[in-house]
Protein chains: 2
Amino acid sequence: MSTKSAAQRARARQMLEIARRYDLADESKVEISDRLGISRFKVARLLQEARESGLVRITLEHGGEPDEALSRQLARHLALDAAVAVEAYGTVEEIRRIVGTHAGKVLANTVTRGETLGLAWGRTLTHMIESIDHLPSVQILQLNGAVGPSLSQSPVELALKASLIGGNNAKAIMAPLYISDADGVQAIRSQPDIKDVLDSFDTLTTAVVAVGSLNDTGDGSTTSRLLPMLPPAVREELLSSGAVAEACGLTYAADGGLAYRQLSRDHILSISPQQLRRVPRVIAVASDPSKAEAILALRRADVLSELVVDAELAEAILALPAFVRDRDEAPWPA
Amino acid sequence: MSTKSAAQRARARQMLEIARRYDLADESKVEISDRLGISRFKVARLLQEARESGLVRITLEHGGEPDEALSRQLARHLALDAAVAVEAYGTVEEIRRIVGTHAGKVLANTVTRGETLGLAWGRTLTHMIESIDHLPSVQILQLNGAVGPSLSQSPVELALKASLIGGNNAKAIMAPLYISDADGVQAIRSQPDIKDVLDSFDTLTTAVVAVGSLNDTGDGSTTSRLLPMLPPAVREELLSSGAVAEACGLTYAADGGLAYRQLSRDHILSISPQQLRRVPRVIAVASDPSKAEAILALRRADVLSELVVDAELAEAILALPAFVRDRDEAPWPA
DNA sequence: CGATATGCTGCTCATATGAGCACCAAGTCG
DNA sequence: CGACTTGGTGCTCATATGAGCAGCATATCG
């Protein structure tokens, strides 16, 4: 309960009166001052105060609607089963949230009871999970290990939240994504609770992955948080290997081949590229045009079947060469 | 799903970019034009388009918070069990909605299972009912007959809606509020289904009434819709009788006595003043300062125990003489 | 192909607006 | 009581802004 003096209330009422005329009825300050019998300076000051005190609220419409035509174009361009391009304006973070929220709608509307759902990790996916309030009862599997020690931003947390809204049935990978010692990876992979999850990957019916690009500007994305964890030599090797895309901790070159294969094989605790390729439905979620090449690379790697992106990224993808499904089997032009 | 061309999307993005700078970052149009390399005229036009197309949304904060100090003052001034003065700015209709919504909160938070709840009629009460999404299981009684033929704006509709959210147990009065023939009123009052409701009034534990003022400006209020239904002679008589307040179709003079007693007795189908006075808890809901005198009159008539009003009306009431509970028993100053 | 319509651009000039200052009224303290 | 602060007011003047117009593209049609 707020408590104001009568004078304050009268002042607030006058501010609203003026704000209504100025902002909604498009009267000029001079006009208002004449009509209300106060000086135009007072009008200006009350207006300013009204804004500062929150009596007048200006919000920008950040989008959130899918663009049907663009979505179709995108699906055709990459020969995908489905694609959604969401209109989103604003800061990088706002766009991420909008795309994530829409991915949540897609997921909630299409996943059916009894499926096995795999979740990779990324802030976009965090937004996705947080925007969903109900999911059919599904088995949830975390697709890769954790980056960094923070629990609240880890894939474990993501899987936990997903579990809470969908069947209370989630299996997490309680281990780091990158393990420097090759033998150590084998040891961890054969741990019963980890092995259980890794083996279950063969039963996945749907997976949701975030897309990382290796050319990005160190904006705090999952990929850019992964890089500093690598030993300098490994990092150098990776960057010079031609890797342009990252998904589930696996790195791919522009042609769709695994980049720096040995890293993925011996040091990354994650679903394997083969397993990921066998998942019937892999939804990639991404925002920002810088991810365009990465997405094309993942498509060539055949590890994604659906896409949820923002309109700007969609346009950037359309500016790249179209993906042709398996050149060898393409019909020969007459 | 919206569908725009790439050019339209780019335009929308630019509008948002400009609007962010102008409205949120307080840059001037000239500054923006310099920085983005476009003419200030284009900036102005894009800004205007952004507003017209709804990309920029300006909303005024209309209040909705109760003012604690003012509420206490008001309760003391009228010697009420409880009073709430809600901050509300804006048009008459907006204020009505805010007050009604708050009355809904009060009602939903205080009514307990098994009560018998009486509802008068008014647009404020309509807003009140529509703002409530759940009510304990209660017996609902409509307090007075209908004004006008419109079902959707009638007390019957109000009772029905209330019934839907609170126990599905409502009894309506399927008859007009004003009946010109005195014998007709008696006949209707003795109809079994009407009589049942009228008799049940003695079991009321809580009633909510709207307050009508007879000095108002024909703004479409319940009272002002009642007046045209009266025969001219009756209307004249009523207006010259000194009536200043109306509640449940009953009219009161400034001193709290029934005004034009014969009208209420012989032509109005409603709870009786005696019955209303016996209800342990009568919540009056009203907005607009023009209702101040009416509320004081109703208080003197001893037919209200709680009040939900807007801050401006509260102030108007405080400007009137304070109500003293029963002068004869007031302690004699030493 | 030329003629006309349409929409977008940036201009000029009158007006609206903001920054900073000087003033006044009411409280506060020595 | 007078000097001081404090908060609010309206002023001047430089600048920002809006209305209306003319120029120049592109679209449309005979």
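Residue numbers start from 1 in every chain, and the chains themselves are labelled A, B, ... in the order their sequence lines are given, proteins ahead of strands. If you're wondering where the values come from, they're calculated on a predicted model, not measured in any experiment.
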Distance-only donor-acceptor test, R45(B) side-chain atoms vs dG18(D) base atoms, 3.5 Å: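 Counting by modelled atom types and ignoring angles, no donor-acceptor contact under 3.5 Å is found here.
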
Whole-Å distance between [N] [atom2] and [X] [atom1]?
X	N	atom1	atom2	value
E49(A)	dT9(D)	CD	C1'	14 Å
K42(B)	dG7(C)	NZ	P	16 Å
Q14(B)	dT9(C)	CD	P	9 Å
L36(A)	dG10(D)	CG	C1'	17 Å
R11(A)	dG7(D)	CZ	P	12 Å
Q48(B)	dT9(C)	CD	P	14 Å
D34(A)	dG10(D)	CG	P	13 Å
L47(B)	dG18(D)	CG	P	8 Å

Counting only side-chain nitrogens and oxygens, does K29(A) get under 4.0 Å of the OP1 or OP2 atom of dA16(C)? no

Taking only the side-chain nitrogens and oxygens of Y22(A), find out if one of them lies under 4.0 Å from OP1 or OP2 of dA16(C).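 Checking Y22(A) against dA16(C): no side-chain N or O falls below 4.0 Å of OP1 or OP2.
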
Out of dA16(C), dG10(D), dG18(D), minimum distance to the side chain of R40(B) belongs to dG18(D)

So which nucleotide from dT17(D), dA19(D), dG10(D) ends up closest to the side chain of F41(B)?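 Output: dA19(D).
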
I'd like to check [X] versus [Y] (side-chain heavy atoms, cut-off strictly below 4.5 Å). Are they in contact?
X	Y	answer
R9(B)	L70(A)	yes
L313(B)	V99(B)	no
L125(B)	M128(B)	yes

Does any donor atom in the side chain of H102(B) or E87(B) lie under 3.5 Å from an acceptor atom in the other side chain?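 Result is no, nothing qualifies.
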
